[in-house]
Amino acid sequence: MAGELKYAEAIRRALADELATDPAVVVMGQEIEALGGVFTATQGLAERFEGRVLDTPLAESATVGWAIGAAMAGLRPVVEIMFMDFITTAMDQIVNGAAKLRYMSGGQVAVPIVIRTPSDAGTGHGPQHSQHLETWFAHVPGLVVAMPSTVADAYWMLRHSIQDDNPVVFVESKYLYFRESGEIGATGAADHPYAARIARSGRSVTIVTAGRMVAESLAAAESLATEGIDCEVVDLRFIWPYDREALTESVERTNRLIVVHEAVGDFGWGGEVCSWAASELFYSLDAPIRRLAAPRAPIPFASHLESVIVPDRSAIESAVRDLARH
Amino acid sequence: MAGELKYAEAIRRALADELATDPAVVVMGQEIEALGGVFTATQGLAERFEGRVLDTPLAESATVGWAIGAAMAGLRPVVEIMFMDFITTAMDQIVNGAAKLRYMSGGQVAVPIVIRTPSDAGTGHGPQHSQHLETWFAHVPGLVVAMPSTVADAYWMLRHSIQDDNPVVFVESKYLYFRESGEIGATGAADHPYAARIARSGRSVTIVTAGRMVAESLAAAESLATEGIDCEVVDLRFIWPYDREALTESVERTNRLIVVHEAVGDFGWGGEVCSWAASELFYSLDAPIRRLAAPRAPIPFASHLESVIVPDRSAIESAVRDLARH
Amino acid sequence: MTNPSEMPVGDTPSDRLKLYETMVRIRELETGIESLHYGGRMHGSFHSSMGQEAAAAGVIGCLRPTDLVTSTHRGHGHAIAKGMRPTTIIAELLGLQQGSSGGKGGSMHLHDVACGFLGENAIVAGGVPWAAGAAWASRRLGKDLVAVSFVGDGGVAQGVLAETLRMARTWGTPLLVACENNHLAHSMPVERTFGEPGSIAGWAAGFGMRAEYVAGDDVFAVHRMAAEMIDEVRATGRAAFVEIEAWRVRAHSLNDPDYRYLAKDLGKSYLQTHDPIANAERDLPLTEADATAIRERIAREIAEAIDAAFEGQAAPVRSATTGVYSEAFEQEGRLRGW
Amino acid sequence: MTNPSEMPVGDTPSDRLKLYETMVRIRELETGIESLHYGGRMHGSFHSSMGQEAAAAGVIGCLRPTDLVTSTHRGHGHAIAKGMRPTTIIAELLGLQQGSSGGKGGSMHLHDVACGFLGENAIVAGGVPWAAGAAWASRRLGKDLVAVSFVGDGGVAQGVLAETLRMARTWGTPLLVACENNHLAHSMPVERTFGEPGSIAGWAAGFGMRAEYVAGDDVFAVHRMAAEMIDEVRATGRAAFVEIEAWRVRAHSLNDPDYRYLAKDLGKSYLQTHDPIANAERDLPLTEADATAIRERIAREIAEAIDAAFEGQAAPVRSATTGVYSEAFEQEGRLRGW
Ligand SMILES: Cc1ncc(C[n+]2csc(CCOP(=O)(O)OP(=O)(O)O)c2C)c(N)n1
Ligand SMILES: Cc1ncc(C[n+]2csc(CCOP(=O)(O)OP(=O)(O)O)c2C)c(N)n1
Ligand SMILES: [Mg+2]
Ligand SMILES: [Mg+2]
């Protein structure tokens with residue numbers, strides 16, 4: 001189809017459109033200029049936007065700090081961290097700098113930066129190239145955490161994040177870069193920028209998820225539908241802020257909640273959603289809340305081991321079946 | 001009393017006793033040798049254990065990496081990170097190194113290191129010297145996360161952690177260093193090393209907490225007792241692994257659960273405990289689970305603002321009162 | 001066209017006097033803060049730059065108001081030199097609404113963007129890439145400005161500093177890193193980590209940038225060196241590094257037991273021989289009467305600033321949980337229950 | 001007393017032959033891995049060290065079996081040179097139980113502690129402090145060993161490297177950092193970040209340690225330089241740094257579209273003139289017949305190793321979630337429901 005793009009292309013298109021629209025936007029990172037991004041997200045942009053899509057030395061911490069300074073001076077830098085695991089080398093600048101500067105300067109300083117970074121297992125990259133760490137950032141006051149699951153969201157959420165006056169950690173799905181395609185459509189979220197998306201309406205069980213797990217959940221939902229279990233799939237889109245109105249509305253209808261994510265379950269963001277719901281939606285719940293997420297292990301290299309770790313449609317199906325039976 | 005020590009002294013005693021017992025133990029960090037630690041935790045140790053308590057340059061990342069290498073070669077390094085916020089500069093080594101090495105080497109490499117670091121607000125140190133980040137580490141497979149609340153635990157848990165064959169992030173309470181005193185006693189945890197401690201037995205409500213918030217919770221419990229609300233205070237001691245047996249036992253008796261911590265509530269470890277309980281103890285609960293924790297903000301400098309952020313006994317009292325009323 | 005009031009100080013007698021006055025202002029402010037602490041009227045940590053005033057006054061004295069500065073945990077002197085008002089500083093340290101950050105930041109988080117003081121950073125060396133990025137961005141936005149980033153000798157060990165120098169070399173940015181080698185990183189003697197004074201500059205030169213050493217007890221020497229380097233940085237858009245040697249005269253922070261690692265009167269004896277303020281009085285030269293008059297005027301100024309700060313109101317309690325995100329975002333959140 | 005089998009190779013003809021054979025073994029292993037990938041029999045990323053074999057063979061050839069090595073994402077050559085068995089490597093890359101990490105690590109996480117290969121690290125420069133700390137600790141434990149840490153030119157920009165060199169200078173540790181300057185950090189030309197070959201060594205010298213440059217197309221030159229430096233490191237317990245220049249001949253990783261930033265035949269033409277293997281054949285000298293015989297023998301060896309690896313079993317599924325913590329800890333956890 002003419003209008004169809006891959007997820008990676010949607011990211012590129014969003015960058016291009018922001019670069020074209022706002023002269024304050026610059027893109028910084030490793031392998032983004034000469035190579036065009038290891039996942040092609042910046043391919044062709046350096047040529048098209050001369051001097052605004054720039055290779056950095058191999059120095060994540062200075063790069064993020066530099067972007068913070070550039071933001072202070074009026075730019076809107078977008079930083080690419082090549083794999084989410086590498087963001088560990090820049091945590092100080094993100095957490096003690098970007099996240100706290102507005103507050104600790106009493107509002108004098110704003111840091112409108114976006115840190116794009118891909119996560120996901122499933123690509124054979126091994127234990128230091130696959131970790132999901134979005135929960136960390138959602139725990140840090142001052143940050144926004146985005147995690148798009150579709151081509152349209154990859155595009156619109158990135159555009160929105162670049163224009164957001166707050167620092168955004170933008171978690172892309174490397175699994176979906178070349179697997180997910182779709183149209184960008186005419187606009188972003190229906191209601192407000194941080195609104196969740198009802199990826200599938202249903203009456204039996206609410207599945208709350210984000211990123212790559214949305215597609216897995218939808219596939220599970222289709223197959224469960226043949227058994228008479230009618231799932232509602234809520235794509236959170238933003239891990240912080242997350243859309244409590246949408247969750248309330250959904251759970252009040254289905255009375256059953258399961259959260260599915262690829263990050264490790266223990267102390268993962270599912271815990272936040274579940275415990276918020278256990279507190280605020282307690283009387284709407286007919287069954288214990290369930291979480292389905294990665295077990296407590298790094299991501300192994302071998303693909304048959306990797307697939308033990310990452311929740312998939314069949315794991316979702318059996319968890320939901322279990323929950324529906326309650 | 002003769003046997004009484006301060007919390008900071010208990011840490012020092014534990015270091016001294018491990019240094020005396022195990023020649024493989026070394027202590028590394030900033031200001032720990034010549035100065036004896038900014039919180040006196042290593043005072044006198046450099047003189048007593050020559051060449052084994054060592055000042056590093058101002059380089060947290062290399063220091064943790066160096067400790068990892070030293071552990072690979074047979075030592076048991078204890079690293080001090082002066083304030084927990086600074087641990088952000090060493091995240092790669094902790095998360096991609098210490099936590100993953102055993103797994104990604106197929107068991108060839110063990111990394112028995114302890115990273116001691118103080119957290120807590122309440123001391124006027126401001127937004128970059130007060131953040132609680134233990135949830136991050138609890139989310140990372142491969143790490144153990146300790147958070148002692150008493151003098152006895154500061155001592156026994158540190159000794160245990162140094163002998164633990166796994167990397168331990170050991171979160172000390174800088175608020176309690178010179179405020180909390182007590183005796184070390186003859187032994188550590190009753191049951192097993194990671195067991196929770198019932199700091200107070202009660203029948204109406206289970207308060208699950210750790211670190212500095214244990215004392216606040218106990219104070220709240222005393223005052224609530226006069227109103228006929230009989231709180232059980234469970235001191236988790238370890239954020240990971242946390243003692244699910246003790247929680248089950250307690251909540252099955254009280255049927256009411258509140259988690260209290262000083263870390264930011266959103267995506268904090270309370271979410272894990274609550275959502276685990278909402279899933280596993282659902283039918284034992286007579287009321288929605290509550291969390292009481294810091295709001296979504298950095299720690300401000302001014303003490304009257306700081307005290308808005310940190311939960312205190314009166315906040316705990318009203319939250320528990322509310323819960324008991326359900 | 002540069003507005004005359006935008007001109008940095010040069011080498012005229014009145015310019016030289018201005019450098020002297022800045023140093024006195026810093027000294028008075030910091031001793032004032034100490035008194036407030038000792039009098040139990042202030043809380044929190046405080047890191048005095050006593051003895052190092054020539055670095056702040058000398059380097060920042062070369063800057064235009066539009067130029068930018070980032071600082072460290074020991075940044076009151078830099079703030080003053082860049083034009084921050086003493087009252088605002090004191091009010092911040094008192095946790096008042098009138099403080100530069102409304103009481104949220106405290107002593108290690110002074111910011112005054114209006115006068116180009118981008119701010120302190122309590123994370124050692126963490127502010128260096130901010131300055132680099134801000135200078136680079138400003139240049140792209142057509143502003144002819146430079147940035148100075150202060151860092152301590154201890155901070156030179158931090159990886160982010162090396163990364164920033166590398167990136168500055170690769171990308172180019174009108175940045176001067178001003179390293180105040182005060183012989184100590186808390187209790188760590190600089191010799192142990194870096195070697196003799198000048199070695200830090202030697203190391204920085206290895207990045208392929210101009211790097212100089214200057215003694216920090218002579219504000220005019222510091223000023224001359226910095227002026228020349230800043231001119232070059234401004235003209236070429238390329239980064240440079242200056243190591244300024246001094247001694248930390250006070251304990252690391254207010255209540256640090258420095259007797260554990262330092263001879264107690266080391267600081268005092270340094271001031272007797274190397275006090276940049278006394279040296280400037282000699283070199284200007286100033287008569288004792290003139291010097292006394294200036295010092296008393298500035299002391300009064302600071303005393304008034306302190307009094308004015310005490311007039312302020314406690315920061316409102318609700319400010320503790322607001323201003324974390326942009327106003328629009330927080331409004332949306334209130335509406336939607338985040 | 002050093003056991004003769006513990007002696008590193010020296011400069012006898014048979015020693016020199018050994019260096020040559022190591023290079024051939026690395027080349028054969030890596031081209032074997034490429035074939036497996038192209039044949040669809042292997043998955044995951046793979047970073048070839050083709051053209052850089054002299055660094056691995058020359059430096060590690062100076063080491064004793066008890067000496068230690070840490071490596072990068074491009075570490076198959078280092079692993080082979082340190083004595084790791086090709087079968088174990090291939091099995092790891094196939095995700096098999098017999099792999100060095102039981103299939104959990106893959107190409108960027110080879111470890112063989114028994115032969116002193118502490119491991120690769122896929123985080124650029126992240127392994128350097130491991131080597132520094134391991135060498136330091138071993139020295140304290142009375143072992144007369146040294147450690148070598150490999151790092152790429154790109155990795156020199158990482159803060160942790162600078163921090164480690166600083167700490168090595170301050171604490172002392174018998175460490176040699178061997179920087180393979182292969183002219184590229186993925187697509188970033190070394191000139192842009194560092195300058196001409198030799199500049200990296202120049203920068204490292206600024207830390208106050210011995211730092212040398214050597215061309216990486218002559219394994220004997222690399223070996224002579226490394227042997228001298230390692231002797232000194234071993235004798236003094238002080239760290240040193242060597243920059244070894246070569247070219248990356250293959251794409252950054254197996255499926256990298258390097259034509260986007262590189263003339264397609266640059267690698268090939270480098271090999272025509274600078275191939276360390278061809279150079280060694282000329283310098284040894286070896287007759288063509290002898291060289292062919294050696295290459296064929298080693299090719300057979302590798303082919304057999306590959307066949308042997310394919311005999312292995314898939315890592316058991318339960319291993320995906322075990323071995324995260326110590327055995328005792330995991331047992332306790334199973335008991336108590338963590
Ligand atoms: C990353 C980090 N590590 C440690 C500290 C604690 N700390 C604060 S100041 C200081 C010493 C700094 O020495 P130097 O850079 O020489 O500055 P000076 O205090 O001498 O002005 C240390 C270790 C910190 N603030 N940040
Ligand atoms: C901290 C970190 N940042 C980025 C990467 C991605 N990455 C892997 S290899 C590489 C280039 C490394 O260049 P160099 O150090 O010269 O080694 P070479 O690949 O040339 O052997 C990059 C950017 C990484 N692995 N780790
Ligand atoms: Mg200093
Ligand atoms: Mg390279």
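The model shown is predicted, which means the values in this text are computed figures rather than measured ones. Chain identifiers are assigned alphabetically (A, B, ...) following the order of the sequence lines, protein sequences preceding nucleic acid strands; residue numbering begins at 1 within each chain.
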*Against chain B, work out which of C:Ser187, C:Gly155, C:Ser45, C:Gly106 has the most heavy-atom pairs shorter than 4.5 Å and name it.*
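Of the options given, most contacts go to C:Ser187.
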*Under a 4.5 Å heavy-atom cutoff, which of C:Leu94, C:Val317, C:Thr193 has the most pairs with chain B?*
C:Val317
*Does any heavy atom of chain C fall under 4.5 Å from the side chain of B:Ser303, the backbone, both, or neither of them?*
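Contact with chain C involves both backbone and side-chain atoms of B:Ser303.
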*Identify which part of B:Pro295 has an atom lying under 4.5 Å from any heavy atom of chain C, answering side chain, backbone, both or neither.*
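Side chain only.
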On a heavy-atom basis, which atom in [X] and which in [Y] lie closest, and how many Å separate them?
X: B:Pro298; Y: C:Val324; answer: CD-CG2, 4.0 Å
X: C:Ala122; Y: B:His129; answer: CB-CE1, 3.4 Å
X: B:Phe301; Y: C:Glu92; answer: CE2-O, 3.6 Å
X: C:Ala320; Y: B:Ala297; answer: O-CB, 3.6 Å
X: C:Ala314; Y: B:His304; answer: CB-NE2, 3.8 Å
X: B:Leu305; Y: C:Lys104; answer: CD1-CG, 4.2 Å

Can you say whether [X] sits under 4.5 Å from chain B via the side chain, the backbone, both, or neither, judging by heavy atoms?
X: C:Met108; value: side chain
X: C:Leu93; value: backbone
X: C:His186; value: both
X: C:Pro257; value: both

*Verify the neighbour count for atom CZ of C:Arg336: are there more than 12 heavy atoms of other residues, nucleotides or ligands below 6.0 Å?*
yes
*Taking atom CZ of C:Arg318 as the centre, report whether more than 12 heavy atoms of other residues, nucleotides or ligands fall under 6.0 Å from it.*
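Count not over threshold, so no.
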Test item: [X] and [Y] side chains (from C-beta on) under 4.5 Å apart, heavy atoms:
X: B:Asp55; Y: C:Arg192; value: yes
X: C:Asp256; Y: B:Leu35; value: yes
X: B:Arg296; Y: C:Tyr325; value: yes
X: B:Gln128; Y: C:Asn121; value: yes

_If you apply the rule side chain to side chain contact (heavy atoms under 4.5 Å, CB included), what do you find for B:Glu31 with C:His252, and how did you get there?_
CA-CA 11 Å; B:Glu31 316 310 329; C:His252 172 70; over 6 Å; no
*Specify which of B:Ala62, B:Ala59, B:Ala302 makes the most heavy-atom pairs with chain C at under 4.5 Å.*
B:Ala302
_Looking at chain C, which one of B:Glu60, B:Glu306, B:His125 has the largest number of heavy-atom pairs inside 4.5 Å, strictly under?_
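Heavy-atom pair counts peak at B:Glu60.
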